[in-house]
Amino acid sequence: MKTTSIMIVGVGGQGSLLASKLLGQLLVDEGYDVKVSEVHGMSQRGGSVVTYVRYGDKVYSPIVTEGEADYIISFEKLEAARYAAFLKTDGQMVVNTQEIDPMPVIIGAATYPTDVLGELKAKGLKIDDFDALTPAVEAGSSKAVNIVLMGRFAKYVNIPYERWIAAIEKAVKPKFVEMNKRAFELGYHS
Amino acid sequence: MKKLLIGNQAVAMGLYHGGLGLASSYPGTPSTEITEFLAMNDDIHTEWAPNEKVAMEVAFGASLAGMRSTCAMKHVGLNVAADPLFTLSYTGVNGGLVICVADDPAMHSSQNEQDSRHYAIASKVPMLEPADSAEAYAFAKSAFELSEKYDTPVLLRMCTRIAHSQSIVELGQREEAPVKDYVKNPGKYIMMPGNAKQRHPVVEDRTAALAEMANNCMYNTVEMAQDNEIGIITSGCSYLYVKEVMGDKASILKIGMPHPLPEKLIQDFATKVKKLYVIEELDPVIENYVRSLGIQVTGKELFSPIGEFSQLTIAKAFGLEIPASICADSAVPGRPPMMCAGCPHRGMFYTLAKNKITVLGDIGCYTLGAVPPLSALDSTLCMGASISGLHGFNMARGEEAEGKTVAVIGDSTFMHSGMTGLVNVAYNATNSTVIILDNSITGMTGHQQNPTTGYNIKGDPAAKVDLEALCRALGIGRVRVVDPYDLKACETAIKEELAAKEPSVIISRRPCVLLKSVKAKPALVITPDKCKSCKRCMGLGCPAISMHDGKARIDATLCVGCGVCKQLCAFDAINE
């Protein structure tokens with residue numbers, strides 16, 4: 001099997017590490033060779049963060065480069081645009097429509113693009129955009145955006161629903177399992 | 001048991017299974033998790049030391065006593081610990097000693113891009129370099145035996161992509177290593193000239209023996225391709241990128257022990273291939289060695305000494321096909337890291353910037369005080385340089401500088417190497433003003449305890465340094481504490497201490513807002529009718545405040561109710 005490349009992009013603090021932990025655990029359980037590359041340290045302080053997940057029969061590089069991503073899961077619209085060049089020509093994006101102003105926008109040195117996803121779609125990128133924040137809040141926490149997105153993304157990969165739930169039970173602290181299962185369900189059925 | 005582990009956890013498991021008894025470290029990205037994972041084992045001693053030099057000396061002491069020990073640090077931490085390293089090479093070990101050092105090519109979270117392999121060469125200490133988590137586990141586990149067999153500390157080099165990438169590891173069991181006998185041996189362990197002169201030849205012989213061993217060991221491996229057109233000598237994550245692109249089409253000599261390098265193995269490999277490349281991140285360490293053997297090789301002409309590589313780097317260098325993108329340009333506003341909403345550093349930096357104070361900075365979250373709109377910093381060099389630098393700056397520029405220049409340093413960094421600088425301020429007498437940003441934790445590396453927090457690595461109560469008493473004991477007469485959420489108090493303190501004709505310390509004290517023990521207050525709300533769009537609150541650079549339809553607005557999911565912005569609003573538009 002060819003290596004599949006996934007990128008999880010967002011803003012530091014949005015919970016991309018948990019999303020990649022869940023995905024990594026799931027893919028190991030499915031019997032794949034897996035590599036996950038995370039970001040720690042300074043970038044986590046509200047900066048743009050990217051995590052790479054790759055799986056297949058044998059995976060060498062832990063990172064994904066331009067034109068290689070089969071899937072990009074973006075926690076935020078601007079970040080989807082930032083990493084658009086990484087998407088394969090037939091790749092798929094799953095995007096949370098949340099907007100988080102970066103500091104250059106906050107201080108007025110730049111403006112947040114008005115129709116950033118529309119422009120990408122016009123260029124021919126396959127984008128599945130939806131509001132992940134509302135279902136996250138419905139599940140119990142705005143922080144569950146990460147798992148809502150995983151639920152939405154799960155529709156694109158051929159892994160049964162119960163396996164995802166089993167991976168959530170392994171990857172998440174016991175007291176947050178129920179909330180995250182609910183968040184996943186809401187994302188999956190959105 | 002197969003597990004998906006980040007490289008640092010694999011190192012921790014390898015060390016633990018290799019019979020580790022003690023770990024002493026100072027946190028530093030990308031090395032921190034090695035010690036954090038070790039601390040989950042209750043049958044070994046783990047600790048956060050105040051700095052890397054102390055950590056390495058603690059590990060030395062344990063090794064001397066017969067226990068297998070380790071210390072872990074980031075690349076620049078090895079600069080701090082270089083002093084014990086170079087002479088540890090001479091003393092050798094009793095219990096095995098492994099020094100983990102993590103480089104940060106591309107500077108994801110560092111102030112420079114130095115290549116730690118130079119330390120292995122300069123200190124004549126063998127170095128291992130894994131390429132993934134499975135190797136990190138195997139190399140770490142084997143390193144104690146290597147250390148004891150050759151009577152040497154062993155450096156284990158990680159880099160960000162190995163340290164923070166997860167891959168699959170087949171875990172074994174812990175092998176207990178009983179503490180060896182301690183026998184007094186002055187000739188080996190007292191490094192005064194007469195003894196050291198006896199030890200230096202031992203070090204040279206040891207390096208020669210290790211270099212011989214390197215020709216035939218588990219660390220260096222050869223994979224020959226069907227044809228002999230291309231041969232690549234590579235190491236660490238570069239190996240992964242080479243394999244990703246070249247597959248079985250190139251012959252590969254993978255170096256897992258970058259010092260000392262295997263002369264015969266390299267010469268043998270070079271004769272078997274038509275065109276030889278060295279692909280290594282950062283400096284041409286392997287390449288220079290290969291050239292020194294009189295072998296023709298292509299290296300840094302094609303592969304930059306700057307930043308990280310990827311599979312794309314390799315594909316481009318060999319003129320191979322590059323994956324296409326629909327959307328090649330992504331010209332969107334940047335998203336640099338910034339101080340969190342409610343960060344206690346913000347109030348102090350706002351006040352410093354407002355009063356146009358020159359600020360010599362240091363290493364930590366508060367380096368983000370340099371980012372617009374605060375733009376409050378003038379320099380950042382290394383751990384502790386804020387205070388010593390301020391003294392030099394004030395010496396050079398005199399009274400005019402003393403009245404408008406400060407140093408800012410975090411609590412952990414002050415413990416690490418700020419104290420000596422402060423002694424110098426008092427002893428050599430400049431009227432310097434030092435601000436200790438005491439957020440009660442080591443922040444940037446992800447919340448590690450330190451000697452000022454009152455807790456140890458396990459979270460158990462520990463001796464707590466009294467910063468005020470310490471500063472006084474170091475010779476500073478004027479020491480005061482302010483709450484950085486109180487802008488007026490900050491301004492008064494800064495003005496008074498800068499005006500004082502003696503050295504002074506301001507302790508800006510409030511715990512990091514991300515600490516679990518810190519409870520957020522309800523988010524503040526801006527009443528649009530009262531907001532006059534003056535944008536004064538925007539000057540704080542708080543991620544929770546932004547302008548919408550000409551009015552300032554607070555994001556309730558981010559705001560922690562610190563109230564700093566409320567103090568700036570002249571129109572009473574910001575309220576609970």
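Just so it is clear: chains get the letters A, B, ... in the order the sequence lines come, proteins before strands, and each one is counted from 1.
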Report task. List the steps and the verdict of side-chain contact (heavy atoms from CB on, under 4.5 Å) for B:E244 and B:I314. Result -> CA-CA 9 Å; B:E244 178 86 24; B:I314 313 297; over 6 Å; no
Query raised in the report: Between A:K143, A:E79, A:R82, which residue shows the highest count of heavy-atom pairs closer than 4.5 Å to chain B?
Result: A:R82
**Report entry** Side chain, backbone, both or neither of A:L120 within contact of chain B (heavy atoms, under 4.5 Å)
**Finding:** side chain
Query - Heavy-atom contact with chain A under 4.5 Å, split by part of B:I322 - result: neither
Query raised in the report: If you tally heavy-atom pairs under 4.5 Å against chain A, which of B:T160, B:L4, B:I6 wins?
Result: B:L4
Query - Side chain proximity check, A:Y55 to A:V157, heavy atoms < 4.5 angstrom - result: yes
Requested in this report: Counting only heavy atoms closer than 4.5 Å, note whether A:Q25 contacts chain B via side chain, backbone, both or neither.
Outcome: backbone
Query raised in the report: Out of A:R54, A:E119, A:K88, A:K21, which one racks up the most heavy-atom pairs below 4.5 Å with chain B?
Result: A:R54
Query raised in the report: Which atoms of A:T3 come close to chain B, meaning under 4.5 Å heavy atom to heavy atom: side chain ones, backbone ones, both, or neither?
Result: neither
Query raised in the report: Side chain, backbone, both or neither: which part of B:C340 has a heavy atom under 4.5 Å from chain A?
Result: side chain
**Report entry** Residue selection (most heavy-atom pairs with chain B, distance under 4.5 Å) from A:S61, A:P113, A:A110
**Finding:** A:S61
Report summary line: Bottom line for B:D555: the part with an atom under 4.5 Å from chain A's heavy atoms is neither
Report summary line: Here the gap from A:L17 atom CG to A:N146 atom CG, rounded to the nearest 0.5 Å, amounts to 10.0 Å
Report summary line: Counting heavy-atom pairs under 4.5 angstrom with chain A, the leader among B:K2, B:M547, B:E33 is B:E33
Requested in this report: Walk me through it: do A:D29 and A:K170 pass the test salt bridge (Lys or Arg N to Asp or Glu O under 4.0 Å)?
Outcome: CA-CA 11 Å; A:D29 291 348; A:K170 279 194 196 176; 3.2 Å; yes
Report task. Check whether A:A85 gets within reach of chain B through its side chain, its backbone, both or neither, counting any heavy atom under 4.5 Å. Result -> both
Query raised in the report: Is it the backbone or the side chain of A:Y32 that comes under 4.5 Å from a heavy atom of chain B, or both, or neither?
Result: backbone
Query raised in the report: Just wondering, are more than 12 heavy atoms of other shown residues or ligands nearer than 6.0 Å to NZ in B:K254?
Result: yes
Query raised in the report: For residues A:Y83 and A:S48, is any side-chain donor paired with an opposing acceptor at under 3.5 Å?
Result: yes
Query raised in the report: Is it the side chain or the backbone of B:C542 that comes within 4.5 Å of chain A heavy atoms, both, or neither?
Result: backbone
Report summary line: Most contact-rich option vs chain A, by heavy-atom pairs under 4.5 angstrom, among B:T557, B:L312, B:L240, is B:L240
Query raised in the report: Which bit of A:V53 is near chain B, if near means a heavy-atom gap under 4.5 Å: side chain, backbone, both or neither?
Result: neither
Query raised in the report: Is it the backbone or the side chain of A:V34 that comes under 4.5 Å from a heavy atom of chain B, or both, or neither?
Result: both
Query raised in the report: So what's closer than 4.5 Å to chain A heavy atoms on B:P30: side chain, backbone, both or neither?
Result: neither
Report summary line: From the list A:G91, A:G124, A:G108, A:A84, the residue making the most non-hydrogen contacts under 4.5 Å with chain B is A:A84
Query raised in the report: So, A:E68 versus A:S5: side-chain donor-acceptor pair below 3.5 Å or not?
Result: no
**Report entry** Side chains of B:Q166 and B:Q9, donor plus acceptor under 3.5 Å
**Finding:** no
**Report entry** Carboxylate-amine/guanidinium proximity below 4.0 Å for A:K2 and A:D57
**Finding:** no
Query raised in the report: Checking heavy atoms, do the side chain of A:L87, its backbone, both or neither come under 4.5 Å from chain B?
Result: backbone
Query - Spacing of A:F184 atom CZ and A:M179 atom CE [to the nearest 0.5 Å] - result: 14.5 Å
Query raised in the report: With no hydrogens and no angle check, do the side chains of A:Y156 and A:D128 hold a donor and an acceptor under 3.5 Å apart?
Result: yes
Query raised in the report: Would a distance-only check, ignoring hydrogens and angles, find a side-chain to backbone donor-acceptor pair under 3.5 Å from B:T234 to B:I279?
Result: yes
**Report entry** Exceeds 12 heavy-atom contacts within 6.0 angstrom, atom NZ of A:K181
**Finding:** yes
**Report entry** Contact winner vs chain B - A:V28, A:L27, A:D101, A:I63, heavy-atom pairs under 4.5 Å
**Finding:** A:I63
**Report entry** For chain A, the option from B:S167, B:G334, B:P336 that forms the most heavy-atom pairs under 4.5 Å
**Finding:** B:G334
